[in-house]
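Per chain, numbering begins at 1; letters A, B, ... match sequence-line order. In this text, all values refer to a predicted model and were calculated from it rather than measured experimentally.
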2 protein chains.
Amino acid sequence: MRQAELTDSKPRLGRKRDDSRDPEILDATLDVLAEHGYDGMTIDMVAARAKAGKATLYRRWPSKPELVLDAVACMKATTLDPQSLPDTGTLRGDLIAMIKAPTLRDAERKLKVMAGIVSMIARNPELADAARDALVEPRAALNRIIFQRAVDRGEISADVDIETLIGIAPAIVAYRTLLLQKPVTREFMISTIDTVVLPAAGVRPS
Amino acid sequence: MRQAELTDSKPRLGRKRDDSRDPEILDATLDVLAEHGYDGMTIDMVAARAKAGKATLYRRWPSKPELVLDAVACMKATTLDPQSLPDTGTLRGDLIAMIKAPTLRDAERKLKVMAGIVSMIARNPELADAARDALVEPRAALNRIIFQRAVDRGEISADVDIETLIGIAPAIVAYRTLLLQKPVTREFMISTIDTVVLPAAGVRPS
DNA sequence: TATATACGGAACTCAATAGTTCCGGATATC
DNA sequence: GATATCCGGAACTATTGAGTTCCGTATATA
């Protein structure tokens, strides 16, 4: 991804590259990407927002597509640990505990980035993979744990297809945000969990 | 939308505009849009595919955004009549009867067009409205009828939120196609209906 | 201190494309 | 038949933006 130093081992001459600028530039890239989309984003915008020179960007990434690819891939790191997962003892409790204000904001930004690159995804397999790994999979992994716990404690049947279940809420949220352009509130999420996710999981409404 | 004749009433001089080219050009626009996305689409591509001159396009639409807007809006007309809706007597039967090969192909093209314009949707309210009216609403209208019938015949409770139900399948299909890049087969649709939509509607698995 | 590279910033090159204009030919009104 | 507008097609203009180069300055090695 990143432009490699020509020879990694040799102690090169001259001023060293300031690696702390990397995340700042990538973050600026995501901001511009979310606001303007892939084609609306220009390298000058990114440089300006990161208060960096264009030359600095091109010293680190060889092209716009690779910069974007790296920026998207690096969102993967921003994901919450499975450590911090709630464990309330019920599936509904766990699902609702996952709806936090910062989570919603984080998801909103990710969806805006997603919106900015969907049209490229169909034509750029590398970007498609990066987007899946950074935006879809981390959330799926958390949901997988929560549903598996529910199966283990016998709350839901072992026959249900967990892979189907973990995709329901993300699909509904993405559809609502990207296509319907409606806000995703905490109330909407709870309603979705109660009227769609839990019925699909075979949980009786209490 | 369309470039209006300067004065509609006066019988203008000269050769008349061949209105039969309009739908051909709009269809070419949708093809290119589906294949390359909004920014990847060039007017030359559209003209070439429609076997028309660029001047012909600009005589009819003032700009690229307006051409795209019109092309998207005109997909609305391609929708099936509510007349041709199946009426099998059960909700599950109706839902499954709606899955036809031509329907799936039609939906696939619409989703590719959607993918091509999502990034614009967030920044162009007119386009957002056109996309909703042409791509989301027609399908929602058909589903609304089917679910309302199920309520009327007492198959599902009158308490369920029909607006939520009609959005489930479209959301899952869009998510799978646009973000996961996985194919939507007839089997997948049936599975989705049985494991997500019908449970959310409160229909007991038979 | 000399050399090499990084930095932010500005100036530059070059390719692509939206939009315009003109062509030769077809088709309409007067 | 004269005039006006259409057609497809090609040539043209103007702008935008990716990528490069150079500047003066800062910071590293030798």
Write down the distance between CD1 (A:Ile25) and C1' (C:dG8), rounded to a whole number of angstrom.
11 Å
Round to the nearest Å and state the distance from B:Tyr58 atom OH to C:dT21 atom P.
13 Å
Which of residues 42-54 of chain B have a heavy atom under 4.0 Å from DNA chain C?
B:Thr42, B:Ile43, B:Lys54
Looking only at side-chain atoms of B:Ala55, point me to the closest of C:dC22, D:dC6, D:dG19.
C:dC22
With sequence neighbours left out, the residues meeting side chain to side chain contact (heavy atoms under 4.5 Å, CB included) with A:Ala28 are A:Val46, A:Arg49, A:Ala50
Nearest-0.5 Å distance that lies between atom CG in A:Asp129 and atom CD1 in A:Ile121
10.0 Å
In whole Å, what is the span from the CZ atom of B:Arg21 to the C1' atom of D:dG8?
9 Å
Enter the distance from A:Leu26:CG to A:Leu33:CG here, rounded to the nearest 0.5 Å.
11.0 Å
How close do B:Tyr58 and B:Ile43 get, counting heavy atoms only, and between which atoms?
OH-CG1, 3.4 Å
What distance do B:Ile193 atom CD1 and B:Met98 atom CE have between them, rounded to the nearest 0.5 Å?
9.0 Å
With the threshold set at 4.0 Å, does a side-chain nitrogen-carboxylate oxygen contact exist between A:Arg139 and A:Asp106?
no
Does the distance from a Lys or Arg side-chain N to an Asp or Glu carboxylate O, for B:Glu24 and B:Arg21, drop under 4.0 Å?
yes
Can a salt bridge be assigned to the pair B:Glu35 and B:Lys112 using a cut-off of 4.0 Å between side-chain N and carboxylate O?
no
Give the rounded distance in Å between these two atoms: CG of A:Leu67 and C1' of D:dG19.
13 Å
Given Watson-Crick or G-U pairs with both distances under 3.5 Å, what dot-bracket string fits DNA chain D, with | for other-strand pairs and [ ] for crossing?
||||||||||||||||||||||||||||||
If you assign each of B:Leu57 and A:Asp39 to its closest nucleotide in DNA chain D, which residue comes earlier from the 5' end?
B:Leu57
Can you tell me how far P of D:dT27 sits from CG of A:Asp19, to the nearest Å?
16 Å
Specify the separation, in whole Å, of atom CZ of B:Arg17 and atom P of C:dT29.
16 Å
Pull out every protein N or O sitting under 3.5 Å from an N or O of nucleotides 24-28 of chain C, one pair per line with the distance.
unit_1: C:dG25; atom_1: N2; unit_2: B:Arg15; atom_2: NH1; d: 3.1
unit_1: C:dA26; atom_1: N3; unit_2: B:Arg15; atom_2: NH1; d: 3.4
unit_1: C:dT27; atom_1: O2; unit_2: B:Arg15; atom_2: N; d: 3.4

B:Thr56 side chain, from C-beta outward: closest of D:dG8, C:dG9, D:dA18
D:dG8
Pairwise side-chain contact, B:Ile168 with B:Val196, heavy-atom cut-off 4.5 Å (strictly under)
yes
Provide the full list of side chain to side chain donor-acceptor pair (under 3.5 Å) pairs with a residue in residues 167-177 of chain A, sequence neighbours left out, each pair given once.
none
Applying salt bridge (charged side-chain N to carboxylate O under 4.0 Å, His left out), name anything that partners B:Asp94, two or more places apart in sequence or on another chain.
B:Arg149, B:Arg153
